[in-house]
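Below: one structure, written as structure tokens.
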Amino acid sequence: MNVLAPPSTLKPQDFASDQEVRWCPGCGDYAILKAVQKALAEIGARTEDTVFVSGIGCSSRFPYYMSTYGFHTIHGRAPAVATGLKLANPALDVWVVTGDGDGLSIGGNHLLHVLRRNVDLQILLFNNEIYGLTKGQSSPTSRIGTRSPSTPTGSVESPVSPPLFALGAGARFVARAVDTQMKPLVAVLKRAHAHRGASFVEIFQNCIVYNDAVFDAFTAKDAAADNQIEVVHGEPLLFGRDKRRGLRLRPGRLELEAVTIGEDGVGIDDILRHDETSCVLAGMLAAMAPPRLPMALGVLYCDPAARFESVAAGDQAAPPAPEALNALLRRGHTWTIAD
Amino acid sequence: MVSAQLAAAPWNSGSGFGTFMSSISTATTLPAPSGVHAQRQALESAVVRFAGDSGDGIQVTGGRFAEATALSGNDLATFPDFPAEIRAPAGTTYGVSAFQINFGARQILTSGDAPDTLVAFNPAALKVELADLKAGGLVILDTGSFNERGLRKAGYVANPLDDGTLDAYRTLRLDISQLTLDAVKPFGLSQKEALRCKNMWALGLVYWLYDRDRRPTLAWLQRKFAARPELAEANTAALNAGHAFGETAELPPGLPGFVVDRAPIAPGLYRAITGGEALALGLVVGASLAGLPMVFGSYPITPASPILHTLAGLRQFGVITLQAEDEIAAVCAAIGASYGGAIGVTSSSGPGIALKTEAIGLAIAAELPLVVINTQRAGPSTGMPTKTEQSDLYQAVFGRNADSPLVVLAARSPADCFDTAIEAVRIATRYMTPVMVLSDGYIANASQPWRIPDVATLEPFPVRFRTEADGFQPYLRDLETLARNWAVPGTPGLEHRVGGLEKDYDTGHISYDPANHQRMTEVRRDKVAGVVRDIPPLRPENGNESGPLAIVGWGSTYGPIARAVTVLRAEGLDVAHVHLRHLWPLPANLGELLGGYDRILVPEMNTGQLLTLLRSTFLVPAEGLNKVSGQPFKVHEIEAAVRTCLAGQRPQGLQGTNR
């Protein structure tokens with residue numbers, strides 16, 4: 001166990017368990033499941049060394065559909081369980097699957113701390129801006145005005161931004177993807193896996209029953225090109241159907257603006273290049289939203305730092321011998337009572 | 001013959017008796033104490049309490065006295081009583097810090113009911129502690145601190161030295177402050193530093209009073225102040241001056257000085273240990289006997305934190321500690337670690353255990369080993385964090401949603417914490433179950449001599465992970481223990497999913513089948529109930545297996561009950577002491593044993609929790625003796641209740657029969 005093995009030659013379907021998938025027909029979770037299985041196959045992951053840990057909610061059923069090891073824990077606590085698992089065996093490849101309610105409401109504290117500790121995990125937060133499994137209440141990412149059984153006149157609370165939360169918590173890898181956009185999603189998952197430390201991935205996931213089409217402003221076929229931007233390290237931040245739109249710093253202000261190349265004297269050299277090691281830029285990108293600015297997707301931030309388990313656990317000590325334990329018990333002041 | 005081998009104790013950051021170990025770094029052998037003073041009065045045992053301001057070095061003083069006492073061959077038990085405030089204003093009653101030691105020529109089971117001698121360094125200490133002193137007891141006072149300011153801060157309207165407050169006691173009224181200043185004058189200290197030596201002056205006097213050897217303390221001072229030789233010399237001078245005062249001064253009649261003979265102590269190598277330290281060391285040894293690394297998740301909470309502090313320094317012994325973001329994360333990390341093939345341990349006190357409850361249920365459903373330590377404190381809610389109670393028994397046995405059984409053990413003394421921790425690890429891994437260990441604020445902080453075992457003589461219980469893929473199912477059970485097989489991630493061919501959802505008995509898949517849930521609920525119950533096979537038949541600790549009266553106790557009431565029963569039986573009274581380490585499941589023969597007594601008295605530091613458990617389980621008319629003052633039982637309280645019971649009466653404050 002834990003000896004570095006050669007990459008496996010498993011196919012995506014080899015990562016599927018024998019259990020019938022029971023999400024609602026049309027749920028975005030199906031697409032994410034496929035993308036994760038594809039990413040694992042392309043990575044060369046081994047089922048025995050891979051663990052999916054989840055909390056509670058629709059997304060948290062995920063482990064049951066994987067042929068790897070899996071632990072379906074309790075609401076919000078998957079990051080803490082995964083932290084203990086990595087401390088016990090840092091060689092395992094551990095994925096945390098959570099949702100907007102699980103990860104940012106009841107489990108917000110654990111998400112904060114797993115990110116700041118930088119435990120080597122891939123944390124996939126399926127954001128559908130609603131509580132699905134409990135039948136449609138508003139969630140911490142629901143937008144103001146969201147009507148739900150618990151907010152019949154519309155939610156009045158400001159939503160939390162998952163990537164901004166992650167950056168604020170000190171995450172060293174923050175990425176974003178859309179459930180049905182298989183290719184970029186797989187690419188992001190592979191980057192998340194390659195990153196040593198806590199990798200945070202927000203996946204926009206459509207809840208067809210309780211919050212359908214909530215991301216249409218940037219995922220619908222006719223809107224996607226003009227309202228999302230795939231950021232690539234070192235490349236100019238371009239978007240739009242013909243990539244003529246771009247992002248630059250508004251002159252004299254620390255804020256981004258969308259411009260069109262060829263208009264108002266804007267050339268390609270005016271367009272900002274993505275620097276995924278810049279936390280400030282990542283924050284500005286994460287804060288963008290349609291219609292004024294496109295939704296930023298891809299790896300917003302990647303700047304590795306020391307992993308928690310390597311610092312906290314160090315080299316796995318061999319079990320102590322009785323002599324060593326005897327010495328431990330006898331440390332300090334001892335005295336002998338003779339016969 | 002008593003000798004001392006001294007070595008460094010880097011894990012010891014506690015106080016009280018424990019502190020004397022922390023700064024000893026050289027190996028030496030000390031000679032036996034000097035011979036018995038001819039005119040001294042022999043005592044079987046004595047209780048001394050030092051009390052003063054937090055800044056007076058009370059815990060250090062007590063720790064030195066405990067060391068000298070251990071080296072003179074007495075048995076002993078100590079208890080520190082710190083103020084709840086971290087830095088209370090000087091001179092106030094809520095800033096009083098105290099340290100009590102009971103030592104004797106016999107077995108010592110508690111830190112003592114009431115002091116024979118009280119050393120009060122200031123008016124506040126006198127005000128707080130005087131009521132506990134035995135009638136006719138000795139008060140040693142620093143009159144130098146009984147000035148207008150000191151009296152006002154302590155809240156005295158009249159000076160207790162003059163108004164008859166002390167008439168019922170013997171007093172030694174000494175201007176210890178001035179005597180100390182005189183003794184340390186040659187060393188050129190500031191007034192403040194010079195006055196800080198007065199604890200050593202007083203200690204020197206008490207050493208003379210009880211015929212303790214000063215040399216271990218003098219050696220300690222040299223090490224402690226190695227970097228400040230003038231302080232070492234000044235404290236040495238103060239200690240010697242206090243001692244010389246005892247030898248040469250005209251002390252009041254009736255104060256001949258005392259002598260306390262050696263106690264009949266089992267031969268062996270000893271150290272002092274608190275309950276917190278013993279739990280930590282027991283866990284380390286238990287994990288080793290199981291052949292597992294330990295992951296210890298904890299969140300700071302009084303009075304449980306010393307366990308985290310002790311374990312945090314033991315990384316080289318296969319211990320990983322996580323100071324988690326909250327109580328829930330602490331237990332969840334422990335569960336994750338157990339899932340990964342370590343022994344997961346979490347530790348807290350009652351309010352924190354409440355937060356862990358849901359996760360403990362997960363460990364029960366997933367059938368993973370887990371050790372949960374509850375160092376109980378007075379409640380409900382935040383209650384009195386620094387005061388002891390044993391009121392979390394219901395919480396331990398019943399305090400979860402649904403039918404969610406686990407194993408509950410309780411330690412009875414600081415040293416017993418070591419064995420209890422090992423047993424917890426053994427049961428958790430053998431039965432794939434959470435085990436709750438109950439300690440409390442009293443035994444966590446109290447210190448006693450501990451005969452150090454040889455680890456090589458302890459029975460290992462190596463864990464065998466499942467590796468055979470053929471025929472594997474995640475809930476495949478051992479036919480005897482009903483424990484499911486433990487297959488850890490990383491093992492090829494055993495990939496499986498566990499979690500909090502109900503699982504099929506055979507396949508381990510999610511199941512909502514009615515008959516399956518009945519079967520799984522029953523097997524979880526039967527598995528924990530089956531732990532009785534590992535519990536030896538219960539016998540009385542003292543007394544007969546039948547008779548007019550049994551005192552049944554658990555946890556830290558062991559000490560006062562054991563002492564009371566010893567005293568009463570020596571008087572010829574027929575009373576038995578039955579002590580429970582296993583609270584759930586209860587020992588198989590307990591019902592039969594209890595049936596042999598006419599009356600059953602259950603002293604508890606709660607309003608009757610074991611009492612309810614015994615009455616509901618065995619339908620016996622047990623009666624409670626309940627104390628919830630935040631203070632341990634005193635021996636005389638148990639004695640009085642027993643006498644009343646044996647006289648056919650109900651003791652005052654006794655509860656239970658009419659509920």
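Since we're looking at a predicted model, the values are computed, not measured. Per chain, numbering begins at 1; letters A, B, ... match sequence-line order.
Residue contact with chain A, scored on non-hydrogen atoms closer than 4.5 Å, involves the backbone and the side chain of Ala359(B) alike. Heavy atoms of Arg116(A) lying under 4.5 Å from chain B are absent altogether. Heavy-atom distances place both the backbone and the side chain of Pro453(B) under 4.5 Å from chain A. In this structure, no portion of Ala365(B) lies under 4.5 Å from any heavy atom of chain A. Proximity to chain B is absent for every atom of Asp93(A), based on heavy atoms less than 4.5 angstrom apart. Interface remark: Ile343(B) contributes no atoms to any contact with chain A (heavy atom separation under 4.5 Å). Heavy atoms closer than 4.5 Å to chain A are found in the side chain of Leu322(B), but not in its backbone. Contact annotation for Ala324(A): both backbone and side-chain heavy atoms come within less than 4.5 Å of a heavy atom of chain B.
Between chain A and the residues Thr321(B), Ile335(B), Asp326(B), the largest count of heavy-atom pairs under 4.5 Å involves Asp326(B). When Thr467(B), Leu494(B), Val331(B), Leu458(B) are compared by the number of non-hydrogen pairs under 4.5 Å with chain A, Leu494(B) comes out ahead. When each of Gly341(B), Ala333(B), Ala366(B) is checked for heavy-atom pairs under 4.5 Å with chain A, Ala333(B) comes out on top. In terms of heavy-atom pairs under 4.5 Å with chain A, the best-connected choice from Pro492(B), Ala342(B), Gly500(B) is Pro492(B). Chain B forms the most heavy-atom pairs under 4.5 Å with one residue out of Glu323(A), His72(A), His75(A), and that residue is His72(A). The candidate with the highest count of non-hydrogen atom pairs below 4.5 Å against chain B, out of Val94(A), Thr73(A), Val114(A), Thr68(A), is Thr68(A).
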- Message: Using side-chain contact (heavy atoms from CB on, under 4.5 Å), reason through Tyr339(B) and Val81(A) one step at a time and then give a plain yes or no.
- Response: CA-CA 9 Å; Tyr339(B) 174 65; Val81(A) 173; 5.7 Å; no
- Task: Give the C-alpha distance, both sets of side-chain angles, the deciding distance and a yes or no for side-chain contact (heavy atoms from CB on, under 4.5 Å) between Leu269(B) and Trp335(A).
- Result: CA-CA 6 Å; Leu269(B) 183 68; Trp335(A) 67 94; over 6 Å; no
- Query: For Ile337(A) and Tyr270(B), what are the C-alpha separation, side-chain angles and deciding distance, and is it a side-chain contact (heavy atoms from CB on, under 4.5 Å)?
  - Reply: CA-CA 7 Å; Ile337(A) 303 290; Tyr270(B) 283 78; 3.5 Å; yes
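When side chains are defined from C-beta on, Arg331(A) does not count as touching Arg271(B), because their heavy atoms never get closer than 4.5 Å. Contact of the Leu501(B) side chain with the Tyr64(A) side chain is registered, since non-hydrogen atoms from C-beta on lie closer than 4.5 Å. Residues Leu368(B) and Phe71(A) have side chains in contact (heavy-atom distance under 4.5 Å, counting atoms from C-beta outward).
Pairing each heavy atom of Ala329(B) with each of Ala80(A), the nearest pair is CA-CB, 3.7 Å. Contact detail for Val51(A) and Pro489(B): the closest heavy-atom pair is CG2-CB, 3.7 Å. For the pair Ser17(A) and Arg497(B), the tightest heavy-atom approach, listed with the atom from each and the gap, is CB-NH2, 3.8 Å. The two residues Arg77(A) and Cys332(B) have their closest heavy-atom pair at CB-SG, 3.4 Å.
Atoms CD1 and CG, on Ile320(B) and Leu87(A) in that order, are 5.5 Å from each other to the nearest 0.5 Å. Atom CD of residue Glu325(B) and atom CG of residue Leu111(A) lie 10.0 Å apart, to the nearest 0.5 angstrom.
Legend: side-chain hydrogen bond (donor to acceptor under 3.5 Å, both in side chains) pairs involving residues 452-462 of chain B, not counting sequence neighbours, sorted by first then second residue: Asn326(A)-Asp454(B).
Glu495(B) places no side-chain N or O within donor-acceptor distance of the main-chain N or O of Ser67(A), the cut-off being under 3.5 Å.
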Please tabulate, one pair per line, all N/O donor-acceptor pairs under 3.5 Å involving side-chain atoms of residues 281-299 of chain B, not counting sequence neighbours.
residue	atom	partner	partner atom	Å
Ser298(B)	OG	Ser347(B)	O	3.1

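Ring geometry for His496(B) versus Tyr69(A): interplanar angle over 60°, hence perpendicular rather than tilted (30 to 60°).
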